[in-house]
Asker: 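Here it is, the structure, as structure tokens.
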Amino acid sequence: MNDAPAIPLRFTLNGRAVAIIADPMLRLADLLREKLRLTGTKIGCNAGDCGACTVLLDGRQVCACLVPAGQVEGRAVVTVEGLAESGRLATLQAAFLRHGAAQCGICTPGMLMAAADLLARTPHPDEAMVEDALGGVLCRCTGYRKIIEAVLAACGGAEAALDQDTRMDAVGARLARVDGVAKITGSEAFGADAWPDPPFLSLRVIRSPHAHARFSFGDFDPLLAAHPGLVRVLTASDVPRNLFGIYPVGKDQPVLAEGYVRYRGEAVLALLGDAETLADINEGNIPIRWQPLPPLSFAAAAAADAVQLHAHAPGNVLCRGRVVCGDVATGLAAGVAHAEIGVTTSFVEHAYIEPEAGYARRVGDRIEIFACTQTPYMDRDELAGILGLRPEQVRVIPSAVGGGFGGKLDLSLQPLLCLAAWLTGQSVRMVYSRSESMAATTKRHPARIQAEAAADAEGRLTGFRFTGDFNTGAYASWGPTVAGRVPVHAMGPYRVPHVAAHSTALYTNDPPAGAFRGFGVPQAALATEALMDLLADRLGEDRLEFRLKNALRPGDRLATGQVLGEGAALAACLEALRPHWHALRAEAASRNAASDSALRHGVGIACMWYGIGNTGMSNPSEMVIGVTREGRVVLYSGAVDIGQGSNTIMRQIAAAALGIPAAAIDLVTGDTDRTRDAGKTSASRQTFVSGNAARLAAEALRETILRRANGAPDAGLAFRDGAILISHDGVETRLDPAAMVPDAQDLVLRGEGRFDPPTTALDDDGQGIPYASYAFAAQIAAVAVDTELGVTRVEKIIAAHEVGRAINPTLVEGQIHGGIAQGLGLALMEEYVPGRTENLHDYLIPTIGDVPPIEVILIEEPDPLGPFGAKGVGEPALIATAPAIFNAISDATGVRPTAAPCTPDRLLTLLRAAGGEHVP
Amino acid sequence: MGLYLRPQTLPDALSALAAGRYTILSGATDHFPARVLATPAEDILDIGAIAELDTIRLDAEGIWIPARATWRAVIDAGLPASAAALVAAARQIGGQQVQNTATVVGNLCNASPAADGIPPLLALDAEVELARLGGRRRMKVADFVLGNRRTARAPDELVLGVHIPLPARPGSSVFEKLGARAYLVISIVAVAVSAEFLPDRRIAALRVAVGACSPRAMRLPALEAALAGLLPDPALVSEDHLAPLSPIDDVRASAAYRRAATLVLLRRAIARLLVPEARAA
Ligand SMILES: Cc1cc2nc3c(=O)[nH]c(=O)nc-3n(C[C@@H](O)[C@@H](O)[C@H](O)COP(=O)(O)OP(=O)(O)OC[C@H]3O[C@@H](n4cnc5c(N)ncnc54)[C@H](O)[C@@H]3O)c2cc1C
Ligand code: FES
Ligand code: FES
């Protein structure tokens with residue numbers, strides 16, 4: 001907000017003199033972005049907490065969101081745009097590209113500037129110095145390890161392997177991200193980095209301060225009169241169809257609440273006007289009368305006398321999930337060893353560093369929205385429904401996405417932006433503040449789990465019972481997905497003859513819980529993997545060997561009745577971990593024996609499995625690839641790259657299927673007007689599902705070309721100087737695209753691919769084929785617990801992942817690192833409390849100093865259905881980490897954490913209850 | 001619209017303060033985060049251009065940390081071992097971005113219960129120097145910080161800096177911070193201990209301060225007295241010594257945990273007083 005009269009300012013920016021008239025209390029980040037349109041400097045929090053805005057001021061790293069413009073007078077500012085030396089990437093940037101240190105890229109400019117400060121002063125830093133220098137920049141995607149490697153490599157450290165995208169065998173190559181240069185130069189356009197043509201309006205949403213309340217509006221005329229810049233007030237009555245939701249039936253969430261709110265942060269009205277006016281309006285002057293009601297908590301939601309939050313959901317039950325096979329009572333009774341556990345988890349915030357942002361504009365009788373999203377086609381159809389338009393009237397142009405993790409699968413600011421632009425005919429822009437992003441959007445479901453298991457004298461699991469309640473918050477969102485997925489996975493990747501697994505998603509007055517990496521499976525795994533340790537211990541078996549003995553293998557029948565196909569290689573993961581397991585355990589034992597200090601060392605192991613794609617539901621992807629008249633190959637991919645690298649992966653797969661290098665393929669992404677529906681970027685499905693569509697499309701194009709040229713099936717293809725060259729046995733045939741007739745998409749030759757994983761719906765007992773492919777993994781965590789303070793430090797993670805085929809090993813490792821960092825946060829520090837942790841200093845995510853060295857072991861056992869054998873890895877990366885850490889804490893201290901996060905005060909309470917601080 | 005003044009000299013700043021009500025702005029690292037949700041109308045006095053408040057000085061009298069000295073400046077100043085606690089705190093404040101702009105005096109004036117700078121200043125027996133047009137005064141940090149975000153500064157006063165006296169005998173100081181992650185973390189508890197030693201390593205004088213366990217950081221006189229004249233023995237720290245503290249439950253930890261952790265940190269700090277590396281700045 002402009003606060004003081006503008007004054008002339010002079011400073012040096014990236015080596016050039018700048019003179020500008022500006023409000024001296026404007027934050028430097030806003031000055032750079034809004035006034036100078038240098039958008040490489042990102043804003044993730046506006047409070048110094050994330051470091052995305054890091055720039056150099058007189059050579060020192062500072063947060064541009066904390067520097068008043070008045071203080072840059074006469075000084076030198078360097079931003080990421082000033083890093084490249086005369087158009088060439090700086091050494092540091094090149095190292096980031098080579099090492100895959102940028103995923104979504106929103107933190108990358110800040111990381112680069114912090115590192116540039118360090119390297120200017122300390123040409124040869126060690127790892128600890130890198131951590132100290134970058135400790136003020138948060139990254140939610142990478143787990144930091146590749147960033148550290150890149151900084152060290154930039155000053156002479158070990159260089160990562162990098163393959164050239166001109167090589168022929170694109171699959172399996174460590175190619176740089178296709179969008180990597182944009183991310184490390186700051187030129188990538190995220191939601192807040194593009195503006196509509198002026199004049200445009202801004203939008204400010206007024207949200208409920210109460211978790212549960214009725215409300216009514218007074219007269220808005222005095223407010224409108226007092227603020228000439230206020231164009232309009234939007235309320236529920238302005239929304240044509242004021243109900244949305246993920247699933248076709250059971251849409252339950254209003255765009256703007258109608259006299260009744262169900263969570264703190266729910267939108268009740270929107271102000272439309274110029275940005276300054278909106279910022280000046282005091283919330284207290286908006287005529288809303290609140291009548292707070294007692295909020296319904298998770299603990300109380302299932303009680304018989306609980307208030308009913310939705311008419312369609314008696315007992316506040318959104319839905320239930322169930323997988324039953326055999327007779328669980330018989331199975332449990334057949335065991336000689338029994339174990340039981342109760343586990344609770346908290347709300348977890350996605351904490352992507354990019355808050356939601358974008359703009360909408362009306363073009364005739366169509367509406368266009370540019371914003372961050374993980375699912376353009378679902379957005380399109382849902383927005384059409386809300387506005388009462390046909391889907392073709394809505395165009396969704398995804399911005400670059402600064403992290404999603406499931407949190408950008410739901411609509412956030414899109415409905416209001418589109419509504420405002422539709423009603424006024426003017427372009428409308430909005431950027432969520434950090435607190436708004438946290439208060440308004442979805443979270444990971446808190447869980448309350450009770451589970452028991454038994455094993456026979458040979459150490460084979462005989463029965464498993466699981467009951468999980470999930471707090472789905474005020475609205476359904478992805479609650480049904482969680483309730484459906486959890487019972488399928490609850491028993492873990494093990495053979496169990498008798499299973500009863502039940503889940504319930506309960507409505508409460510908490511924020512809507514939605515999709516978050518793993519859809520409830522990470523919560524369930526905390527219980528399951530604790531049971532595996534308890535059973536192994538009771539039987540006197542090694543914890544790894546016990547898991548190996550029970551590990552699912554190809555040909556095994558799952559609790560759903562499905563028979564597991566080839567490529568399920570959990571056993572190989574465990575076998576790969578075995579030497580590390582023994583070495584780390586021996587090391588922990590000797591460190592514990594060597595000292596009687598309060599620091600206790602322990603090692604934990606956990607396994608996981610994860611079905612790729614939607615649960616027992618169709619989820620097709622379509623891709624188009626073609627040749628232009630100029631002889632370029634273009635892949636039209638609707639798969640949104642949220643940092644995980646699908647743009648790069650699709651290109652590699654298509655290149656390999658065509659038989660050309662990746663460099664020969666241009667990519668057109670996103671944009672519902674230009675690309676087909678590739679489904680949502682979730683459920684770890686893009687590589688497997690969309691990758692298959694890309695493969696099929698490329699194969700179809702190859703066939704078309706060969707048919708035209710009468711080429712042999714194994715002929716070589718090349719695109720050179722505008723021509724297509726087909727060679728076989730030393731004979732070269734030439735096709736001339738310039739001479740062909742282009743179609744409506746300007747393609748002269750095309751291939752289309754569609755893939756829908758073969759699944760069947762689950763019946764009432766959860767019997768069916770929920771997924772076409774499963775990924776498996778096992779991880780080991782080594783921890784040190786300060787038993788006097790309850791503080792846990794993770795010292796090492798070793799992760800063995802069975803990925804089918806690593807299309808791009810660097811990207812796969814990056815996914816695993818990032819998932820592990822999020823798993824570590826879930827285990828030790830992340831707990832969202834509405835109204836109390838709506839910022840990034842009260843809500844803690846791991847920093848660069850919290851993520852330990854990670855060793856990734858990739859097991860490549862081709863999946864029969866996967867493109868070139870590949871499966872997904874996005875969610876599998878996270879699931880085993882928290883249980884491995886919990887098991888390690890238990891190994892170190894003898895007490896078993898049962899509530900996530902296991903914060904210092906929770907752990908100390910457990911330690912004290914167990915009697916004494918020095919538990920061996 | 002508010003005024004924005006950026007005086008070049010101290011007299012200009014003091015004249016402005018004498019003439020009107022200003023919000024003093026220094027490194028802005030508390031200022032801006034407090035204004036994320038709403039921006040009040042206010043007149044700003046930006047002291048960032050007053051060169052005479054920049055330089056840390058070390059002389060026979062002690063250490064002078066002027067208003068514009070940043071945490072970075074404290075780290076780089078080569079302070080004597082007796083002030084190691086302040087340097088250790090500087091290294092653990094925020095990330096380096098914050099250390100590069102945030103000032104020690106701003107941390108003190110902001111008077112957060114969890115300010116990491118205040119326990120070391122208390123333990124080092126620092127004094128605050130304030131100036132108004134036509135007058136200066138000095139007071140102990142303990143008298144300056146009145147409560148949660150309350151200080152003894154009058155609206156027309158500027159804090160010029162803090163004096164840290166040099167110990168009469170060989171001394172060392174230690175800072176221990178407990179947070180729930182490695183960087184960028186608000187303290188659950190922070191303790192600072194400073195001691196002067198007799199030639200036989202017995203404690204001649206001891207000052208102990210605890211932050212984040214009461215509305216303002218405080219000294220623990222009973223503990224200080226209990227250890228005087230003795231070798232620094234962690235076992236002598238007892239729960240009773242924490243009686244003046246009044247920790248609260250919040251999102252970071254429970255009150256009971258804070259008490260337990262304080263005891264542990266104090267014992268560790270006392271144990272570290274004699275460890276040589278703890279004394280190196
Ligand atoms: C991301 C982040 C992390 C942080 N981490 C920590 C941490 O770990 N530990 C910690 O203790 N603090 C932490 N802080 C807060 C810390 O940066 C501040 O307390 C800082 O030291 C204040 O100094 P400043 O110069 O920025 O003050 P400003 O923000 O400019 O001012 C702070 C207050 O002091 C007043 N003031 C400043 N100078 C004077 C003066 N000379 N005379 C009178 N009044 C004055 C101002 O009016 C204002 O009320 C963090 C802040 C951020 C943004
Ligand atoms: S935007 Fe500046 S630190 Fe987050
Ligand atoms: S790459 Fe760091 S936040 Fe996405």
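Every chain is numbered from 1 and lettered A, B, ... according to where its sequence line falls, protein lines coming before strand lines. Everything quoted here is computed from the prediction, not taken from an experiment.
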Asker: Chain B heavy atoms under 4.5 Å from A:Ile845: which part of the residue, side chain, backbone, both or neither?
Answerer: both

Asker: Quick one: which of A:Pro904, A:Gly74, A:Gly849 has the most heavy-atom pairs under 4.5 Å with chain B, could you say?
Answerer: A:Pro904

Asker: State plainly whether the residues A:Arg60 and B:Asp76 are in salt-bridge range, i.e. N to O under 4.0 Å.
Answerer: yes

Asker: With a 4.0 Å cut-off on N to O distance, would you call A:Asp850 and B:Arg181 a salt bridge?
Answerer: no

Asker: Are there residues of residues 4-25 of chain B whose heavy atoms fall under 4.5 Å of chain A's heavy atoms? If so, which?
Answerer: B:Tyr4, B:Arg6, B:Leu25

Asker: With chain A, which of B:Gln96, B:Arg35, B:Arg258 has the greatest number of heavy-atom pairs at distances under 4.5 Å?
Answerer: B:Gln96

Asker: Most heavy-atom pairs under 4.5 angstrom with chain B, which of A:Leu118, A:Thr903, A:Val791, A:Val62?
Answerer: A:Val62

Asker: Applying salt bridge (Lys or Arg N to Asp or Glu O under 4.0 Å), which residue pairs with at least one partner in residues 92-107 of chain B are found, sequence neighbours left out?
Answerer: none

Asker: With side-chain hydrogen bond (donor to acceptor under 3.5 Å, both in side chains) as the test, pick out the partner of B:Glu176 among B:Arg272, B:Arg268, B:Arg267.
Answerer: B:Arg272

Asker: Between B:Ser254, B:Gly179, B:Ala49, B:Gly48, which shows the greatest number of heavy-atom pairs under 4.5 Å with chain A?
Answerer: B:Ser254

Asker: Is it true that the side chains of A:Arg434 and A:Asn839 contain a donor and an acceptor less than 3.5 Å apart?
Answerer: no

Asker: Out of B:Thr101, B:Asn100, B:Thr103, which residue meets the side chain to side chain contact (heavy atoms under 4.5 Å, CB included) rule with B:Thr29?
Answerer: B:Thr101

Asker: Who among A:Thr909, A:Asn46, A:Leu844 has the most heavy-atom pairs with chain B under 4.5 Å?
Answerer: A:Leu844

Asker: Does A:Tyr432 have A:Arg207 sitting over its ring (NZ/CZ under 6.0 Å from centre, angle to axis within 45°)?
Answerer: yes

Asker: Any idea which heavy atoms bring B:Ala67 and B:Ile47 closest together, and the distance?
Answerer: CB-CD1, 4.3 Å

Asker: Of all of B:Gly94, B:Gly95, B:Ala261, B:Pro33, which one pairs up most often with chain A through heavy atoms under 4.5 Å apart?
Answerer: B:Pro33

Asker: Rounded to the nearest 0.5 Å, what separation is found between the OG1 atom of A:Thr122 and the CG atom of A:Asp117?
Answerer: 8.5 Å

Asker: Where does B:Leu178 contact chain A at under 4.5 Å (heavy atoms): side chain, backbone, both or neither?
Answerer: side chain

Asker: So which residue, A:Gly790, A:Cys63, A:Pro68, A:Ser435, ends up with the most heavy-atom pairs under 4.5 Å with chain B?
Answerer: A:Pro68

Asker: Under 4.5 Å heavy-atom distance to chain B, tell me which part of A:Asn282 shows up: side chain, backbone, both or neither.
Answerer: neither

Asker: For the candidates A:Ser433, A:Ala133, A:Gly48, which exhibits the highest count of non-hydrogen atom pairs separated by less than 4.5 Å from chain B?
Answerer: A:Ala133

Asker: Would you give the length of the straight line joining atom CZ of A:Arg793 to atom CG of A:Leu824, rounded to the nearest 0.5 angstrom?
Answerer: 9.5 Å

Asker: For A:Val55, is it the side chain, the backbone, both, or neither that has a heavy atom closer than 4.5 Å to a heavy atom of chain B?
Answerer: neither

Asker: Out of A:Arg836, A:Glu131, A:Gln71, A:Glu283, which one racks up the most heavy-atom pairs below 4.5 Å with chain B?
Answerer: A:Gln71

Asker: Hydrogens and angles aside, do A:Tyr843 and A:Glu838 bring a side-chain donor and acceptor to less than 3.5 Å of each other?
Answerer: no

Asker: Looking only at the side chains, is there a donor atom on one of A:Thr54 and B:Gln97 sitting less than 3.5 Å from an acceptor on the other?
Answerer: yes

Asker: Under 3.5 Å, is there a donor on one side chain and an acceptor on the other for A:Asp132 and B:Tyr183?
Answerer: yes

Asker: Sort B:Thr70 into side chain, backbone, both or neither according to what part of it lies under 4.5 angstrom from a heavy atom of chain A.
Answerer: neither

